[in-house]
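To keep things clear, I will list the structure first and then write my remarks on it.
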Amino acid sequence: MTIIASLLRGAELPDSPTARLDIELLLAAAIGKTRSYLHTWPERIVSSEAAQTFADYLQRRRAGEPVAYILGQQGFWNLDLEVAPHTLIPRPETELLVETAMRLQPGDPARVLDLGTGTGAIALALASERRQWQVTAVDRVEEAVALAERNRQRLQLDNVSVLASHWFSALAGQRFELIISNPPYIAAADPHLVAGDVRFEPSSALVAGQDGLDDLRLIIAEAPAHLVAGGWLLLEHGFDQAAAVRELLARHGFEQIESHLDLNAHERITLGRLPC
């Protein structure tokens, strides 16, 4: 017979920087309860099947697999999203894009484009907060399009359309008040690609050429043809890429260019506006 408290005491994840959180999330999922349940009812008996599931989860986590992929879900903004190994795991720093977008377009109806939507995290967060917006979410990976659509349907957000498109390829003639993107921005030789959770994420969602700027260059160059006059382009990028992104925006005619800091005081997002 095994109880919750003994499973928590005996579990170890020596290589995880968030070991206690990981253990609690995995055990809660294995028994079909919440994390708070673990602390409220530590003497409750765990079935042998659930204990084995927990042991399997721990083994996968010790091998480095991200908790989000093990459980198939990840929280972002105020949403619980399905995730899968063919999409990037939504990260807290990307919520800065959502916050900034809502400040740029505080209340008026707007057409918004999310490029490289992955799980749909950015598009769905914006659509949940701004029901008067019409949000288009695109991705070139068919599995990501299907996943974002499942998340959209489960959240019942009818103001989002999910499409297959390699950046702007399927959007000829369409213009938006706001284009937003968290594109790949890691350099091909970056050592972080073979460390930690990133090892398990798709390289197509991470790597963008030798300097990490290939996709940002393309988006910035093509965005003016898909923005209305006075429209905004809002981009996430690497911690050391803000100056390069600002220069690219200026080169392609954007004004009111500025970068914003994330919670670690890194310049994480940069935006610019087309002239009115």
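On a predicted model such as this, the values are computed, not experimentally measured, just so you know.
The side chain to side chain contact (heavy atoms under 4.5 Å, CB included) test applied to E24 returns L8, R20, R35, L38, H39, not counting sequence neighbours. Every residue meeting the side chain to side chain contact (heavy atoms under 4.5 Å, CB included) condition with V83, not counting sequence neighbours, appears here in chain and number order: A68, Y69, Q74, P90, T119. E12 is linked by a side chain to side chain contact (heavy atoms under 4.5 Å, CB included) to P14, counting only residues two or more places apart in sequence or in another chain.
Note: L233 CG to L227 CG = 6.5 Å, rounded to the nearest 0.5 Å. Atom CG of D215 sits about 8.0 Å away from atom OG of S181, to the nearest 0.5 Å. Rounding to the nearest 0.5 Å gives a distance of 6.0 Å between OH of Y57 and CG of L71. The structure places CZ of R61 at 16.0 Å from CG of D56, a figure rounded to the nearest 0.5 Å. L124 contributes atom CG, which lies 6.5 Å from atom CG of L79 (distance to the nearest 0.5 angstrom). From L81, atom CG reaches atom CD of Q73 across 9.5 Å, with rounding to the nearest 0.5 Å.
Between the Q241 side chain and the G238 main chain, a donor and an acceptor come within less than 3.5 Å of each other. Not a single donor-acceptor pair under 3.5 Å links the side chain of S16 to the backbone N or O of L13. No donor-acceptor pair closer than 3.5 Å links the side chain of N182 to the backbone N or O of E236. A side-chain donor-acceptor contact under 3.5 Å links T40 to the backbone of S36. Side-chain N or O atoms of H226 include one that pairs as donor or acceptor with a backbone N or O of Q174 at under 3.5 Å. The main-chain N or O of L96 is found under 3.5 Å from a side-chain atom of T100 such that the two form a donor-acceptor pair. A donor-acceptor pair under 3.5 Å is formed between the side chain of N159 and the backbone N or O of W133. Although no hydrogens or angles enter the test, the distance criterion places no donor-acceptor pair under 3.5 Å between the side chain of T87 and the main chain of G118. With T34 contributing its side chain and Y37 its backbone, the two residues share a donor-acceptor pair below 3.5 Å. Under the 3.5 Å distance criterion, the side-chain polar atoms of R130 are left unmatched by any main-chain donor or acceptor of A110.
Between R60 and E65, the shortest heavy-atom contact is NH2-OE2, 2.8 Å. Of all heavy-atom pairs spanning A101 and I180, the tightest one is CB-CD1, 4.0 Å.
Using a 4.0 Å cut-off between charged nitrogen and carboxylate oxygen, E247 and R251 count as a salt-bridge pair. Ion pairing of E93 with R268 is absent here, as no side-chain N (NZ or NE/NH1/NH2) approaches a carboxylate O to less than 4.0 Å. Ionic pairing of D158 and R152 is present here: one or more N-O contacts between side-chain nitrogen and carboxylate oxygen are shorter than 4.0 angstrom.
For the residue pair R246 and S259, a side-chain donor N or O sits within less than 3.5 Å of a side-chain acceptor on the partner. With no hydrogens or angles considered, no side-chain donor-acceptor pair links T117 and D139 at under 3.5 Å.
Cluster membership check: W77 shares its hydrophobic cluster with V160, using side-chain heavy-atom separations under 4.5 Å among Ile, Leu, Val, Met, Phe, Trp and Tyr.
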Inset, instruction - Start with the C-alpha distance between E267 and F239, add both sets of side-chain angles, then the distance that settles side chain to side chain contact (heavy atoms under 4.5 Å, CB included), and finish with yes or no. - result: CA-CA 6 Å; E267 289 184 313; F239 74 95; over 6 Å; no

Inset, instruction - Under the side chain to side chain contact (heavy atoms under 4.5 Å, CB included) rule, what do N78 and E129 come out as? Steps first, then yes or no, please. - result: CA-CA 10 Å; N78 58 357; E129 296 286 349; 3.7 Å; yes

Legend entry - Test salt bridge (charged side-chain N to carboxylate O under 4.0 Å, His left out) applied to E255 and R273, step by step: CA-CA 5 Å; E255 302 175 343; R273 190 179 194 184; over 6 Å; no

Legend entry - side chain to side chain contact (heavy atoms under 4.5 Å, CB included) between V138 and V162, worked out: CA-CA 6 Å; V138 303; V162 184; over 6 Å; no

Inset, instruction - Starting from the C-alpha separation in whole Å, work towards a yes-or-no answer on side chain to side chain contact (heavy atoms under 4.5 Å, CB included) for V112 and F176. - result: CA-CA 6 Å; V112 178; F176 303 86; 5.8 Å; no

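Tested against L235 for a side chain to side chain contact (heavy atoms under 4.5 Å, CB included), the candidates I269, I219, L97 yield a single pass: I219.
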